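Data block below; observations after.
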Amino acid sequence: MHIVAIDHSFPISAVRARFPALAHNSGHLYFDNAAGAQLPDLSLNAVRDHLLMHNVQRGGRYGLSRTVDAGVAAARESVALLVNAYDPAEISFGMNATSFIRLVSLGIGQTLGDRPEIVVTDLDHDANVSTWLALEQIGAKCVIWRMRDNGTLHVEDLAPLLSERTRLVACTAASHALGTLVDIASVAAMTHEVGAELFVDCVHYTPHALVDVQAWDCDYLVCSGYKTFSPHMGFLWGRLELLRALPTFREDFIPNEPPFKIEVGTFVYENVAGMDGSVRYLEELGQGFGGGGLSRRAAIAAAMSAVQQYELTLSEAMLDVLRRRGATIYGIADRAAGRVPTISFNVPNIGPGEVAQGMAERDIGVRDGHMFAPRLMARLGLAMNSGAVRVSLVHYNTLDEIAQFDEALGEILAR
């Protein structure tokens, strides 16, 4: 295996010690993190503490209920810091990103007016495409922003699609299938020039790099916490004035004010507590790089900068393995820049299902199939019933694990 230079200042052993599942399942290689990452100790402890100490409904006058209110408020503050929200009230908690995309799309569908056009991409997860396409039943017109053949979205290709009829652009910040990064700030600037709004699917970006809704100048953003080292939950960020104006369903007793108008029904409090714990884990990681004394947001930024730099070495190593093994790599194949360590590929003469099964037999978790992206599969010339193999790494993965993957792939190819 080609030796990749690595910055040994990244404390990989200490990081792995913070994730109990890695020790509990020590023989397993977690290479399917795009489908859900493992939890650090602070997140696990937060879930346990909630269920043990105050597993009651919020909104009551008694002490235990008030602790739930306080816990939700603390988590809202933490997630606001994670994405650099203007106000914690811009953060809403719920089940997953898909349900929030649908909620926002239904509201947008009621406010199309003389701007019926919505731009979607053929790179995105179908959750951020089909939800908007569904609005065509009520008069919307969806326009496709097409990726280039190397799996990247270029803002210059977006320009001719925008006009005074554009209501919204919906795109990902990082491809869940190809790992491609998107220049969100440039997309936002171009979108706002025509008076439209930008909706960002940040599900796959958040574990890998720093989210900054203020610097990006986007209008809505969704994330699945369980891919960002928390239990299964999701959250929505939106500009406060836009959330206030967004038509939503709510029961009469619920204030018509965010986040309450968004958080209709009871969400899973212990999982929100776990999301708070995952943010605090990132803060602790960042304080280590900053020497302590950083603000919470600065600590998160320090952590994500270090994570992004470390993950470049993982991407370089995995791309090197796949190229040497003769794999077809979809998306950016010749460099680690411009992507995260999520890579879809196929190998000659062996179907993706057979590759994934071979990896499973060696206790290596990878994903195969269509990646919930039918338009992307069509662009890649891949059948929905077979698709590709996806390996997806995060900052607790190692070069040694990639070497094990390399050996396993060699054995599978030698059958």
Side-chain angles (χ1 to χ4, degrees), residues 34 94-148 151-155 157-178 180 182 184 187-188 190-191 194-205 218-224 234 236-238 242 246-249 262 330 344 369-385 387-388:
M95 294 302 295
N96 50 53
T98 301
S99 59
F100 278 129
I101 299 172
R102 183 60 171 156
L103 181 149
V104 174
S105 73
L106 289 172
I108 294 294
Q110 297 177 56
T111 63
L112 294 173
D114 58 357
R115 288 179 171 270
E117 294 185 0
I118 295 172
V119 178
V120 297
T121 88
D122 57 3
L123 177 65
D124 276 70
H125 190 293
D126 201 46
N128 201 31
V129 180
S130 61
T131 42
W132 304 105
L133 288 172
L135 297 183
E136 292 188 327
Q137 301 172 17
I138 58 172
K141 177 185 176 183
C142 286
V143 180
I144 306 295
W145 177 15
R146 300 188 185 281
M147 69 178 188
R148 295 194 180 178
T152 60
L153 291 171
H154 287 244
V155 290
D157 298 336
L158 173 63
L161 307 179
L162 299 174
S163 72
E164 68 280 356
R165 291 175 57 79
T166 306
R167 175 68 177 84
L168 179 134
V169 174
C171 73
T172 187
S175 169
H176 71 291
L178 306 185
T180 311
V182 179
I184 295 299
V187 176
M190 188 171 288
T191 299
V194 299
E197 295 168 356
L198 175 60
F199 185 101
V200 179
D201 177 350
C202 209
V203 170
H204 197 66
Y205 181 97
C218 52
D219 300 294
Y220 302 95
L221 178 146
V222 288
C223 183
S224 293
L236 166 73
W237 169 85
L242 296 181
L246 187 72
T248 62
F249 164 79
I262 308 295
Y330 302 105
S344 288
H370 51 63
M371 309 305 158
F372 313 101
R375 290 156 193 84
L376 176 60
M377 293 298 108
R379 279 297 306 277
L380 299 176
L382 300 176
M384 281 289 288
N385 63 356

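What you see is a predicted model, and the numbers here were worked out from it, not measured in a lab.
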Side chain to side chain, [X] and [Y], heavy atoms closer than 4.5 Å:
{"X": "Thr166", "Y": "Val143", "answer": "no"}
{"X": "Arg102", "Y": "Ser99", "answer": "no"}
{"X": "Arg167", "Y": "Pro116", "answer": "no"}
{"X": "Trp132", "Y": "Leu168", "answer": "yes"}
{"X": "Thr131", "Y": "Val104", "answer": "no"}
{"X": "Leu103", "Y": "Ile262", "answer": "yes"}

State whether Glu164 and Arg115 are salt-bridged, where the test is any N-O pair (Lys NZ or Arg NE/NH1/NH2 against Asp/Glu carboxylate O) under 4.0 Å.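 No.
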Minimum heavy-atom separation for [X] to [Y], with atom names?
{"X": "Glu197", "Y": "Tyr220", "answer": "OE1-CE1, 3.5 Å"}
{"X": "Glu117", "Y": "Ser163", "answer": "OE1-OG, 4.1 Å"}
{"X": "Ala177", "Y": "Ser344", "answer": "O-OG, 2.6 Å"}
{"X": "Thr172", "Y": "Leu123", "answer": "CG2-CD2, 4.2 Å"}
{"X": "Leu198", "Y": "Cys218", "answer": "CD2-CB, 4.0 Å"}
{"X": "Gly387", "Y": "Met377", "answer": "CA-SD, 3.9 Å"}

[atom2] on [Y] to [atom1] on [X], rounded to 0.5 Å:
{"X": "Glu136", "Y": "Leu133", "atom1": "CD", "atom2": "CG", "answer": "5.5 Å"}
{"X": "Leu376", "Y": "Met147", "atom1": "CG", "atom2": "CE", "answer": "5.0 Å"}
{"X": "Leu106", "Y": "Leu246", "atom1": "CG", "atom2": "CG", "answer": "9.0 Å"}
{"X": "Asn128", "Y": "Ile101", "atom1": "CG", "atom2": "CD1", "answer": "4.5 Å"}
{"X": "Leu158", "Y": "Cys171", "atom1": "CG", "atom2": "SG", "answer": "8.0 Å"}
{"X": "His204", "Y": "Leu178", "atom1": "NE2", "atom2": "CG", "answer": "9.5 Å"}

Sequence neighbours left out, what passes side chain to side chain donor-acceptor pair (under 3.5 Å) with Thr121? Give chain and number order.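 If we apply the side chain to side chain donor-acceptor pair (under 3.5 Å) test to Thr121, skipping adjacent residues, the hits are Asp124.
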Got a donor-acceptor contact below 3.5 angstrom from the [X] side chain to the [Y] backbone?
{"X": "Thr111", "Y": "Ile108", "answer": "yes"}
{"X": "Trp145", "Y": "Ala159", "answer": "no"}
{"X": "Thr180", "Y": "Ser175", "answer": "no"}

Results of salt bridge (Lys or Arg N to Asp or Glu O under 4.0 Å) for Arg148 - residues two or more places apart only: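 Partners of Arg148 by the salt bridge (Lys or Arg N to Asp or Glu O under 4.0 Å) criterion, ordered by chain and then number, come out as Glu156, Asp157.
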Run the salt bridge (Lys or Arg N to Asp or Glu O under 4.0 Å) test against Arg375 and tell me which residues pass, sequence neighbours left out.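 Only Asp126 meet the salt bridge (Lys or Arg N to Asp or Glu O under 4.0 Å) criterion with Arg375.
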Kindly determine whether Leu161 and Val169 satisfy side-chain contact (heavy atoms from CB on, under 4.5 Å), including the steps that lead there. CA-CA 10 Å; Leu161 307 179; Val169 174; over 6 Å; no
Got a sec, which pairs hit ring pair (Phe, Tyr, Trp, His ring centres under 6.0 Å) with one end in residues 100-129, sequence neighbours left out?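 Passing the test, one end in residues 100-129: His125-His176, His125-Phe372.
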Quick one: list whatever passes ring-ring contact (aromatic ring centres under 6.0 Å, His included) with Tyr330, sequence neighbours left out.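 Partners of Tyr330 under the ring-ring contact (aromatic ring centres under 6.0 Å, His included) test: none.
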Output all residues satisfying ring-ring contact (aromatic ring centres under 6.0 Å, His included) with Trp237, sequence neighbours left out; order by chain, then residue number.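 Trp237 satisfies ring-ring contact (aromatic ring centres under 6.0 Å, His included) with no other residue.
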Evaluate Ile144 against Val120 for side-chain contact (heavy atoms from CB on, under 4.5 Å), listing each step before the verdict. CA-CA 5 Å; Ile144 306 295; Val120 297; 3.5 Å; yes
